[in-house]
Amino acid sequence: MKSEIKLFENGKRLDGRMPDELRNIKIKAGVLHRAEGSCYLEWGGNKVMVAVYGPREAIPRHTQNPLRAIVTARYNMAAFSVDDRKRPGPDRRSREISKVISEALENVILVEKFPRATIDVNIEVLDAEAGTRCAGLTAAAVALVDAGIPMKDIPVSCAAGKIEDQIVLDLGKDEDNYGSADLPIAISPRTGDVLLLQMDGHLTQEEFDKAFDLALKGCHIISDLQKKAILETYQSESGGD
Amino acid sequence: MKSEIKLFENGKRLDGRMPDELRNIKIKAGVLHRAEGSCYLEWGGNKVMVAVYGPREAIPRHTQNPLRAIVTARYNMAAFSVDDRKRPGPDRRSREISKVISEALENVILVEKFPRATIDVNIEVLDAEAGTRCAGLTAAAVALVDAGIPMKDIPVSCAAGKIEDQIVLDLGKDEDNYGSADLPIAISPRTGDVLLLQMDGHLTQEEFDKAFDLALKGCHIISDLQKKAILETYQSESGGD
Amino acid sequence: MKSEIKLFENGKRLDGRMPDELRNIKIKAGVLHRAEGSCYLEWGGNKVMVAVYGPREAIPRHTQNPLRAIVTARYNMAAFSVDDRKRPGPDRRSREISKVISEALENVILVEKFPRATIDVNIEVLDAEAGTRCAGLTAAAVALVDAGIPMKDIPVSCAAGKIEDQIVLDLGKDEDNYGSADLPIAISPRTGDVLLLQMDGHLTQEEFDKAFDLALKGCHIISDLQKKAILETYQSESGGD
Amino acid sequence: MTIVPSIKRDYLANMAKNGKRADGRAFDEFRKIEIETGIVSKAEGSARVKIGNTQVLTGIKMDIGEPYPDTPETGVMTTAAELIPLASPDFEAGPPREDAIELARVVDRGIRESQLIEVEKLCIEPEEKVWMVFIDIHILDYDGNLFDAASLASLAALMTTKVPAKRFELGEDYPLPIKEPPISCTSVKFNDVVVMDPSLDENEIAEVRLTVATDKNEDIRAMQKGLNGSFTRDEIKKVIKASIDNGKKIREQLYKSIGK
Amino acid sequence: MTIVPSIKRDYLANMAKNGKRADGRAFDEFRKIEIETGIVSKAEGSARVKIGNTQVLTGIKMDIGEPYPDTPETGVMTTAAELIPLASPDFEAGPPREDAIELARVVDRGIRESQLIEVEKLCIEPEEKVWMVFIDIHILDYDGNLFDAASLASLAALMTTKVPAKRFELGEDYPLPIKEPPISCTSVKFNDVVVMDPSLDENEIAEVRLTVATDKNEDIRAMQKGLNGSFTRDEIKKVIKASIDNGKKIREQLYKSIGK
Amino acid sequence: MTIVPSIKRDYLANMAKNGKRADGRAFDEFRKIEIETGIVSKAEGSARVKIGNTQVLTGIKMDIGEPYPDTPETGVMTTAAELIPLASPDFEAGPPREDAIELARVVDRGIRESQLIEVEKLCIEPEEKVWMVFIDIHILDYDGNLFDAASLASLAALMTTKVPAKRFELGEDYPLPIKEPPISCTSVKFNDVVVMDPSLDENEIAEVRLTVATDKNEDIRAMQKGLNGSFTRDEIKKVIKASIDNGKKIREQLYKSIGK
């Protein structure tokens with residue numbers, strides 16, 4: 001899996017980025033008409049659309065929790081979002097990602113306010129490069145704000161990784177394929193609490209610390225972009241009236 | 001798909017029919033013991049068996065409509081009814097046909113009389129040539145009468161099409177494969193209301209009018225056969241007593 | 001299917017057994033912590049684990065019988081239990097075996113004592129040679145006793161068969177593949193009532209009688225092993241206190 | 001899972017005590033059987049069998065496919081049964097359930113284990129191409145005793161099947177190579193009475209069921225016990241005897257109906 | 001299966017009696033249409049179409065596969081539609097349901113039967129290798145009239161699709177060979193009024209629906225009636241006429257948007 | 001989806017406040033581990049691992065198949081986990097659910113990403129034939145901490161697997177080529193206490209879970225956070241440290257149990 005492609009040239013990465021540099025990120029909230037909250041996000045070559053519905057009564061009833069709302073994130077990749085067409089429908093990978101994103105979002109949503117309800121977060125990956133789970137979670141957080149769902153904080157996600165023995169921020173496609181470690185995290189930016197954490201690859205304890213710090217730094221930068229996008233929606237909404 | 005087979009010879013079609021001639025049609029009602037109404041129909045090389053159950057309580061309950069009965073037609077082709085064995089179970093084609101037949105039947109059944117009920121119409125194609133949806137709907141109408149389901153009218157279905165630039169009635173197998181348009185319709189014969197209408201192929205507006213007229217003509221001929229079959233059942237039933 | 005392998009040598013079978021000899025059988029009850037009753041059984045090369053849960057409320061409710069408990073045996077082969085890996089999940093063979101075992105167990109369990117309940121009997125085949133259904137049913141009976149489920153009798157199962165025109169007890173793997181008949185039965189040992197009976201192959205009426213007698217004999221031997229295993233559990237339990 | 005229809009049971013049990021069945025048959029008597037072949041023109045073989053009002057249609061399709069690796073020179077057969085909702089208000093659409101699976105497997109084993117089809121003659125090219133035989137059983141009208149009707153329809157369909165060699169450019173069509181068929185007869189027991197060829201009502205109150213397939217030499221070729229009741233050894237013997245007797249008559253009718 | 005929203009129906013029917021629609025359109029008028037292509041970089045072709053607030057994204061993927069045995073020299077096309085829960089509170093996750101199947105089949109037939117894609121030009125090696133075209137329709141925002149939005153998005157995506165020859169080492173990429181596209185226009189009827197391009201509310205109270213695809217010669221290329229209401233012959237004629245008129249305008253916009 | 005068993009939570013939280021666990025263990029202490037290999041004779045490798053009363057059986061089957069097109073010279077591995085209803089009153093029959101999928105994927109990644117199996121040595125013929133390794137995890141008795149038991153059973157099974165070359169006429173059987181195994185250790189947090197190797201009760205009241213796989217160089221080879229609670233950075237550091245310490249002991253026991 002890990003081959004001899006050169007991932008650095010003159011201290012720069014294949015796409016010209018510095019080791020601690022994010023790919024370009026664009027976030028726009030309130031892009032869909034039917035959804036109660038929505039967000040369109042471009043992150044490097046990733047394009048993600050998120051729609052939030054709810055809180056509404058969970059159906060069938062036996063899925064209801066009498067004390068709080070359940071949060072159901074549904075991460076889905078469009079058939080055409082990858083090089084070789086993906087069969088439509090959930091697979092094991094998408095079901096695992098849906099699970100870890102649901103858990104991360106549940107942490108910040110004030111679920112106790114909506115007993116017996118469900119809050120549905122639909123994440124559609126329209127174009128996929130690397131890092132779609134971070135992109136999906138980040139967009140989902142904005143869509144939840146757009147839907148007016150009360151939250152303790154706006155969660156945000158970013159990854160760091162290791163390529164050619166260097167720790168870098170936000171792996172691109174080739175870096176993901178040929179790098180030697182990937183560490184996606186999600187945090188509550190206000191407290192620094194870790195809501196999502198996965199690691200595949202090989203990191204010494206020192207490298208882990210460095211990668212974790214870098215991912216944290218990325219999270220905080222992106223958190224600002226989220227807030228800006230939310231603000232823009234409010235402004236355009238009031239502007240539009 | 002459209003090749004150079006000759007579909008006319010001396011003004012006659014491959015099977016010797018004139019352009020406005022139907023294939024042979026045989027209809028027999030009341031052929032099954034368990035079903036509340038049934039019909040066996042042969043139409044050219046098509047053999048279709050229909051059984052009607054209901055009105056009975058729709059289960060599960062969330063499928064019930066509190067104001068009227070739901071009509072569920074289930075069109076199914078037997079695995080052995082076609083040249084290459086068909087995998088058992090519904091496919092996208094059969095589900096679409098089930099849907100358009102259900103909708104056509106719902107139009108004439110007095111569904112308001114049976115709130116919360118379901119009326120199930122099971123259509124089994126045992127031998128398939130061309131035109132099974134018309135055959136299935138026509139047989140279903142007779143089986144509904146046999147079951148005593150109250151209806152505004154007895155719907156009837158027939159197709160017309162275009163082969164070698166001629167408009168003809170009731171396409172046969174090769175005509176369906178090599179012809180250039182197929183227009184199946186179903187009507188309420190008393191009013192002429194159109195209950196089913198599909199068209200694939202290529203027709204000018206004039207050709208459409210001509211084909212539609214021809215299909216209507218076919219419907220009225222078949223409508224008489226339906227009524228004859230229903231009458232025969234009543235007679236044989238009273239004769240048998 | 002039936003080839004020219006020699007299944008007898010000097011009056012003995014391939015594995016050295018005499019015609020009326022069982023394979024080695026080891027039975028141990030109470031081997032699992034979570035299950036309400038359990039049994040681990042080795043029978044020749046077969047290894048079977050059974051866990052019993054219940055009686056508990058049957059869910060969903062429409063599966064409940066208001067007059068008695070339902071007994072749901074679930075026979076499952078582990079993917080690695082056979083030469084060529086088996087796809088996980090039930091297939092038609094395992095569903096049929098689950099059905100005949102459920103029916104045999106229902107006969108002896110006092111189901112009237114537990115209206116609306118289900119008693120679940122999970123049979124996992126971890127290593128499969130021949131005769132897994134007999135092994136599974138025999139182990140299930142012990143696990144039911146271990147769970148304290150009241151029964152009229154402890155059912156027991158064994159097969160006889162025909163190889164090279166001889167009737168033999170308890171077919172081994174090659175005998176099953178190359179023999180000419182297999183007759184698995186299950187009985188209630190106290191009354192001799194036949195609870196399970198299947199036969200594949202070719203037996204004259206006389207051969208059937210002989211095979212049936214031999215299988216009965218096997219059942220009674222195994223019945224003693226079941227009782228010994230149950231006794232050992234009680235003793236070790238009281239010894240442990 | 002339904003509550004036993006106790007009134008029906010009492011009524012039939014009372015009649016049985018006096019040696020009678022609701023439709024006037026003797027305990028070991030079949031209903032009228034009708035066998036008709038060549039029903040479906042698209043199928044390589046087909047037959048419709050009626051036992052009383054029970055009506056089953058079996059169609060046979062053949063195709064060319066790869067053999068299984070462990071039997072590189074033998075044809076492949078597959079049996080599927082559908083309890084289509086056409087046949088009974090109690091049958092549901094959807095994937096086959098336990099009852100349909102047991103039915104298909106019992107018919108399948110009856111054909112497979114009795115080596116009815118000479119599958120070794122269905123090899124076209126070892127390891128590459130063999131004939132595949134698909135046996136599809138459609139229940140059209142369910143009025144009791146599915147096992148025997150499904151089995152008999154499948155036999156009649158197979159015995160009149162033509163291998164479609166011409167369609168695959170392998171010479172002329174020829175009859176599917178078939179051996180002597182074993183005939184299935186099914187009995188059920190309720191209130192200590194055993195009756196052959198159960199009607200729908202008898203099927204519904206049955207405590208236990210036994211199907212026995214026998215051949216013209218009166219040998220046993222397959223057995224399957226069903227339901228949660230039990231048989232005594234003596235009852236099993238009697239069922240075998242009655243199955244042989246009825247099997248003989250049905251075999252004659254089968255041969256006659258297919259013109260042999 | 002839902003109860004007809006009768007208040008909504010009364011309101012819209014009353015407006016219609018006075019010749020009006022809730023959003024001010026004429027009966028035969030479409031909402032504003034936007035067409036944008038080249039949306040998805042991973043796809044061989046893609047387009048997002050908005051009709052009012054309804055928003056559909058179609059992506060085209062191409063691959064190499066085996067042709068069907070009966071058409072050994074023609075490419076293969078497949079159309080799938082997903083009514084993903086993103087687009088409406090009423091759409092559910094899971095396998096496609098009747099509505100999605102009908103949608104996919106109508107779009108598929110519109111492309112297939114009109115021979116829009118020149119599939120005979122998609123053969124690489126007869127009987128062995130042909131191009132496969134996968135048309136995947138994603139509904140992003142559902143505000144009525146899915147059929148036309150899905151069909152138009154699929155046309156725009158196909159007309160801007162590049163065959164990825166280079167990726168498979170078969171020379172340079174080239175445009176997917178395409179003929180003249182038929183344009184689908186959908187009308188619905190409620191309370192004896194027929195309106196074109198139904199809004200979500202109009203869709204919900206519709207008694208019957210008719211989709212008509214017409215080409216630039218004003219010929220009819222496909223029709224599909226839906227729902228349990230009925231049309232008179234006269235209504236059908238009028239719908240065809242209105243579909244031709246609107247089709248003409250939409251065709252112009254389509255060509256313009258893809259730069260032709 | 002169940003209501004938090006608050007009495008249980010209070011009880012365990014109270015004990016934890018006093019530095020205690022219900023079964024007397026230290027916070028960073030594992031239960032007794034038993035490892036037994038060679039359990040299943042039909043499997044190419046197998047192991048049963050007990051951690052306390054939790055009992056997991058992993059069986060390895062190998063077969064020959066085609067490699068993936070993008071890795072034509074590497075073997076293929078697949079991991080499946082079944083939470084069979086044998087193991088717990090809460091597990092249900094049917095297709096694997098989210099929990100089983102996460103379990104299988106975490107074990108799979110732990111093996112795959114750590115490159116435990118030297119898949120490049122499993123090529124028989126490039127692009128044509130490679131060895132396929134099927135890792136099937138059966139939970140037999142569920143008493144908490146599935147991740148570590150499943151992972152350890154899979155390691156032990158793989159490390160004792162023989163490639164069945166003889167069965168496929170490819171020479172003598174030989175041990176599956178394996179590198180140094182990373183050991184998984186799982187911790188959970190409740191009421192601000194973090195404990196290693198959670199018991200069933202601890203699992204049920206856990207707010208958040210962290211699994212860390214480390215190798216003999218004390219490097220981190222895989223991590224997975226689960227559940228909707230959160231960790232502070234400091235807690236993560238401590239969990240890593242404890243995982244390295246416990247991993248060392250478990251590695252020793254693993255090597256000993258497989259006779260190395």
Side-chain angles (χ1 to χ4, degrees), chain C residues 1-3 58 62-68 70-71 83-84 90-100 102-109 111 153 155 177 180-188 191-209 211-213 216, chain D residues 1-4 6 68-71 74 78-81 95-106 108-110 112-115 119-120 182 207-215 217-237 239-241 244:
Chain C
M1 210 132 84
K2 321 293 179 188
S3 102
H62 67 83
T63 64
Q64 296 183 352
N65 183 322
L67 301 180
R68 57 184 195 76
I70 53 172
V71 177
D83 280 327
D84 297 317
D91 54 17
R92 304 206 308 174
R93 177 179 168 277
S94 69
R95 289 174 69 183
E96 187 204 342
I97 295 178
S98 296
K99 184 174 190 284
V100 295
S102 297
E103 290 170 348
L105 297 176
E106 232 175 77
N107 186 271
V108 292
I109 295 173
V111 287
D153 197 359
N177 287 339
S180 51
D182 188 22
L183 174 73
I185 68 169
I187 61 163
S188 174
T191 60
D193 282 352
V194 179
L195 310 179
L196 178 148
L197 172 63
Q198 297 184 293
M199 202 282 279
D200 285 329
H202 193 154
L203 292 176
T204 65
Q205 294 175 60
E206 294 70 39
E207 287 169 340
F208 172 78
D209 286 342
F212 195 93
D213 283 339
L216 273 182
Chain D
M1 306 301 163
T2 57
I3 303 170
V4 175
S6 57
Y68 288 113
D70 51 341
T71 53
T74 24
T78 305
T79 307
R97 308 202 333 182
E98 269 56 28
D99 288 340
I101 288 170
E102 188 185 16
L103 175 65
R105 278 187 55 83
V106 168
D108 185 281
R109 285 206 307 263
R112 188 183 301 276
E113 300 290 329
S114 70
Q115 301 170 44
V119 282
E120 65 282 2
E207 296 152 16
V208 57
R209 186 187 67 231
L210 186 59
T211 301
V212 180
T214 56
D215 64 19
N217 299 323
E218 309 197 350
D219 290 348
I220 305 166
R221 302 298 290 269
M223 297 177 79
Q224 177 89 353
K225 182 250 175 200
L227 307 184
N228 62 13
S230 65
F231 280 113
T232 65
R233 170 116 197 227
D234 196 49
E235 288 165 342
I236 293 169
K237 279 204 162 179
V239 168
I240 292 174
K241 178 71 178 59
I244 290 171

I'd like to check [X] versus [Y] (side-chain heavy atoms, cut-off strictly below 4.5 Å). Are they in contact?
X        : Y        : answer
D:Gln224 : D:Arg105 : no
C:Leu183 : C:Leu197 : yes
D:Ser230 : D:Val208 : no

Does [X] use its side chain to pair, donor to acceptor, with the backbone of [Y] at less than 3.5 Å?
X        : Y        : value
C:Asn65  : C:Leu67  : yes
D:Glu218 : D:Ile244 : no
D:Asn217 : D:Asp219 : no

When the 4.5 angstrom heavy-atom criterion is applied to D:Ala213 and chain C, the contacting part is neither

Tell me, out of C:Asp200, C:Asp193, C:Thr204, who's got the most heavy-atom pairs with chain D below 4.5 Å.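 Among C:Asp200, C:Asp193, C:Thr204, the one with the most close pairs to chain D is C:Asp200.
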
Winner by heavy-atom pair count (cut-off under 4.5 Å) against chain D, out of C:Arg92, C:Gln198, C:Lys99, C:His202: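 Counting heavy-atom pairs under 4.5 Å, the top option is C:His202.
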
Any salt bridge linking C:Arg68 with C:Glu106? Criterion: basic side-chain nitrogen under 4.0 Å from a carboxylate oxygen. yes

I'd like to verify something: which residue of [options] has the highest number of heavy-atom pairs under 4.5 Å with chain C?
options                      : answer
D:Glu102, D:Arg109, D:Arg233 : D:Arg233
D:Leu227, D:Ile101, D:Leu210 : D:Leu227
D:Arg221, D:Lys241, D:Glu98  : D:Arg221

Side chain, backbone, both or neither: which part of [X] has a heavy atom under 4.5 Å from chain D?
X        : value
C:Asp213 : both
C:Leu216 : side chain
C:Leu195 : both

